[in-house]
Number of protein chains: 2
Amino acid sequence: MKKATIHDICDLTGLSSGTVSKYLNGGAIKEKNRILLADAIQKLNYHVDEYARGLITNKTKTVGILVSRLDNLFYSRMIFDIEEQLYRKGYATIIKESSYDIQKEQKSISWFISHRVDALIIFPISDRREDYKLLEEVDVPVIFLDNYVEGVDRDFILTNNEQISYEVTDCVIKKGHRHIAIIVDGNNAYTSNCRLKGFKRAFDDNNIGEENAKIYKINQSIDYAYKVGKEILSEKKVTAIFAANYISTVGCVYLLNELNISVPKTISIVGFDDIMITSLYRPKLTIVNQPMAEIAQKTVERLFELLAEPSLKKQVFILNSKLVHGQTIATI
Amino acid sequence: MKKATIHDICDLTGLSSGTVSKYLNGGAIKEKNRILLADAIQKLNYHVDEYARGLITNKTKTVGILVSRLDNLFYSRMIFDIEEQLYRKGYATIIKESSYDIQKEQKSISWFISHRVDALIIFPISDRREDYKLLEEVDVPVIFLDNYVEGVDRDFILTNNEQISYEVTDCVIKKGHRHIAIIVDGNNAYTSNCRLKGFKRAFDDNNIGEENAKIYKINQSIDYAYKVGKEILSEKKVTAIFAANYISTVGCVYLLNELNISVPKTISIVGFDDIMITSLYRPKLTIVNQPMAEIAQKTVERLFELLAEPSLKKQVFILNSKLVHGQTIATI
DNA sequence: TACCAAATATGAAACGATTCATTTTTTTCT
DNA sequence: AGAAAAAAATGAATCGTTTCATATTTGGTA
């Protein structure tokens, strides 16, 4: 049994392909024929072939999302929000992941272009302009999230990483801590650097030598974060940990739970991105929250602006994170 | 600047479309021409138009996944595993979600068919055969996960829900509990019923009247689970809760944390699907684990069997869950 | 050099929809 | 009823690939 096409409908109804097409796309059809067509479509179990349609219309009503890791709740939650909004507007979402593999990221971008997505949302994993060269000659709207890439003339939606990191660190210092460790992502170049910068600036502004600022870089694995956390705990002087991304926050909380470490008596901790953390873990973590819903909202909003007017001047949007106080910073 | 096509490559190289196509698909080409083509493709920033290709080859190298909720970690984790394996085999994954809306589920199935996915993976939300009628006349391989639909002649991959639920309940009863509450999903008809059946059978086998078995149905919202949990706590007689899916487990743990309830002294609890639960929450939860990696593995394996031989006789696979003991069942 | 088989290259037809200039049918008005 | 205007239907051309039967080139051998 072969898939039914428009021609089969023509044969069955005696109407022409143009009329069938008009029906499928909601044009004006005589009532008699409308019924005829509805019946035929039902009878033949007809489905539009979007590949044939896309070929000629040059629109696919499809948005690609390229994410580094799907099993990172920070990303998947945001994607969930974005998908939901796109669906409402009649767009389908195609999700692919790069797994922090630049080769795979490029293959995915290429795949998306070949599949003619109408727009592309990327959580970039590289900070080198040439890794996104592929996109330069392509006139698909692209929005980058979570990370900046110097020299790429596209839209970016970011959060005030340096500022919030400064705020966290300053707060910890003000509570009397002098030896503080920060855990950042080694891959996530630009964003990590911002968080580091804010961290260091707080040391400077409080006149504390930067040699007291212990910096740890991890890759995007909870296990690795766990190990690094252990290493930090063995550093006797350190009294506070700033887990400056979601993965390291989860890793540290696992660790503290596992070793039954009394928080904040033994060690103080601040986390990043509260997704199921403060609800599950006690004491309640002091944690930075990036405005995920807002980011999703802004992304979709901007996406449609770009779809309507692709030549809009590129912009960088910076949204504000919030520090939510729990009970995990001790006052010394 | 228009998108480059094969014809542009022909013009630039002086070769024919057939040759270009052969090159793109890895055929034998003279070295001289191979270089010529590589250069031209680079220069023109050419990308294959998969819509044109798909139209004629009738293959899209694409698998659709239709999931009820993406922000349910039990599903998203499994999808992550499946996506990973499909990627390795050169297939792209398109994810859509139904949000427990049957209309949306059907629209998505229709979308997938129109977009000619080579295969389809569905986490069904209905247990009525006619809700999947769309698929009957379609010769795309389909695998259903997590839930059975009576009368649908397709492959299913499930877990031993009744058996494991029996095991849990029996264990709780053996520890002296007589009044036990179970929370199941009201939507998730077949699977929930299995879990309920096992629950009740344990009561019967232990000669405890079923009036002691308190049954609570929730929809797929953590907040609702939280509320139901509260209601259960107010039932003075109940000494143990069996949160028989991931959402209700999370909801209950939130609640117990929030109210600072001493577990298992005040109440005993068993959960379902340990994703970030036992690592974050103390005391360590006694919890049922479905073999997520195995399910993903089996799904992909079966998918490729069906792709190779679509007329294979349909099967129902049942994998085994495991009860992992923690410290949340009190002995009375 | 001439011949032949193997290796490459050619290009028209096909895939299944939409488009749009043209034709046919229906409606409205006198 | 007949003419004009409006509405609906027609169908050939088109989108950018792959396919495959045919034609051309290559290079080894007599």
Side-chain angles (χ1 to χ4, degrees), chain A residues 1-38 40-41 44-62 110-111 113-118 138-140, chain B residues 1-38 40-41 44-62 110-111 113-118 138-140:
Chain A
M1 184 202 61
K2 278 200 58 182
K3 197 163 51 89
T5 73
I6 272 193
H7 294 293
D8 299 319
I9 300 181
C10 293
D11 292 349
L12 196 58
T13 59
L15 295 166
S16 72
S17 60
T19 306
V20 179
S21 173
K22 195 152 55 143
Y23 172 81
L24 292 173
N25 294 284
I29 301 279
K30 269 177 49 182
E31 189 57 19
K32 185 186 64 163
N33 291 335
R34 184 183 302 283
I35 294 169
L36 216 54
L37 284 165
I41 285 171
L44 292 169
N45 198 249
Y46 171 82
H47 293 268
V48 173
D49 183 327
E50 291 288 348
Y51 276 72
R53 174 184 276 173
L55 179 56
I56 193 153
T57 61
N58 222 20
K59 289 269 165 286
T60 61
K61 280 283 196 174
T62 272
S110 206
W111 189 95
I113 296 173
S114 282
H115 282 79
R116 297 244 227 89
V117 288
D118 290 338
V138 157
D139 58 357
V140 173
Chain B
M1 184 203 59
K2 279 201 57 184
K3 197 163 51 89
T5 74
I6 275 193
H7 294 293
D8 299 317
I9 300 182
C10 293
D11 291 349
L12 196 57
T13 59
L15 294 165
S16 72
S17 61
T19 305
V20 179
S21 174
K22 196 153 53 144
Y23 172 82
L24 292 172
N25 293 285
I29 301 280
K30 270 177 47 185
E31 188 58 19
K32 187 187 61 163
N33 292 335
R34 183 183 302 282
I35 294 169
L36 216 52
L37 286 166
I41 286 172
L44 292 168
N45 197 251
Y46 171 82
H47 293 269
V48 172
D49 184 326
E50 291 288 349
Y51 276 72
R53 174 184 276 172
L55 179 56
I56 193 153
T57 60
N58 222 20
K59 289 270 163 286
T60 61
K61 281 283 198 174
T62 272
S110 204
W111 190 94
I113 295 173
S114 281
H115 282 79
R116 298 247 224 85
V117 288
D118 290 337
V138 156
D139 58 356
V140 174

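Labels below follow one simple rule: chain letters A, B, ... track the order of the sequence lines, proteins then strands, and each chain is numbered from 1.
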Residues in side chain to side chain donor-acceptor pair (under 3.5 Å) contact with [X], at least two apart in sequence or another chain:
X         : value
Thr60(A)  : Asp118(A)
Ser114(A) : none
Asp8(B)   : none

Output the rounded distance in Å from [atom1] ([X]) to [atom2] ([N]).
X        : N       : atom1 : atom2 : answer
Asp49(B) : dG16(D) : CG    : C1'   : 6 Å
Ile6(B)  : dT19(D) : CD1   : P     : 11 Å
Asn25(A) : dA8(D)  : CG    : P     : 16 Å
Lys22(A) : dT10(D) : NZ    : P     : 10 Å
His47(B) : dC15(D) : NE2   : P     : 21 Å

Report yes if the side chains of Glu50(B) and Val48(B) come closer than 4.5 Å at any heavy-atom pair, otherwise no.
-> yes
Give the C-alpha distance, both sets of side-chain angles, the deciding distance and a yes or no for side chain to side chain contact (heavy atoms under 4.5 Å, CB included) between Arg116(A) and Thr62(A).
-> CA-CA 8 Å; Arg116(A) 297 244 227 89; Thr62(A) 272; over 6 Å; no
Going by the angle between their ring planes, with limits at 30° and 60°, are Tyr51(A) and His115(B) parallel, tilted or perpendicular?
-> perpendicular
Under 4.0 angstrom, heavy atoms only, what part of the nucleic acid is Tyr23(A) near: base, sugar-phosphate, or nothing?
->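 The residue Tyr23(A) makes no contact with any strand.
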For Ser21(B), which contact category applies under a 4.0 Å heavy-atom criterion: base, sugar-phosphate, or nothing?
-> base
Most 5' of Ile56(B) and Lys32(B) on DNA chain D, judged by nearest nucleotide = Ile56(B)
Which residues, if any, of residues 9-19 of chain A bring a heavy atom under 4.0 Å of DNA chain D?
->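 Residues of residues 9-19 of chain A under 4.0 Å from DNA chain D: Gly14(A), Leu15(A), Ser16(A), Ser17(A), Gly18(A), Thr19(A).
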What are the bounds, 5' to 3', of the part of DNA chain C that sits under 4.0 Å from heavy atoms of chain A?
-> dG16(C) to dT26(C)
Tell me, with the steps shown, if Ile9(A) and Tyr23(A) meet side chain to side chain contact (heavy atoms under 4.5 Å, CB included).
-> CA-CA 11 Å; Ile9(A) 300 181; Tyr23(A) 172 81; over 6 Å; no
Which pairs would a plain distance check flag for residues 24-37 of chain A, meaning a side-chain donor or acceptor within less than 3.5 Å of a matching protein atom at least two apart in sequence or in another chain?
from     : atom 1 : to       : atom 2 : distance (Å)
Asn25(A) : ND2    : Ser21(A) : O      : 2.8
Arg34(A) : NH2    : Ile29(A) : O      : 3.3

Where each residue is assigned the nucleotide of DNA chain C containing its nearest heavy atom, which of Ala52(A) and Ala28(B) is assigned the position nearer the 5′ end?
->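 Final value for this comparison: Ala28(B).
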Along DNA chain C (nearest heavy atom to each residue), the more 5'-positioned of Asn33(B) and Leu55(B) |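 Per heavy-atom nearest nucleotide, the more 5' residue is Asn33(B).
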In Å and rounded to the nearest 0.5 Å, what is the CD1 to CG distance from Ile113(A) to Asn45(B)?
->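 Going from the CD1 atom of Ile113(A) to the CG atom of Asn45(B) covers 7.0 Å.
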Phosphate OP1/OP2 of dT26(D): any Lys30(B) side-chain N/O under 4.0 Å |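 Yes, such a contact exists.
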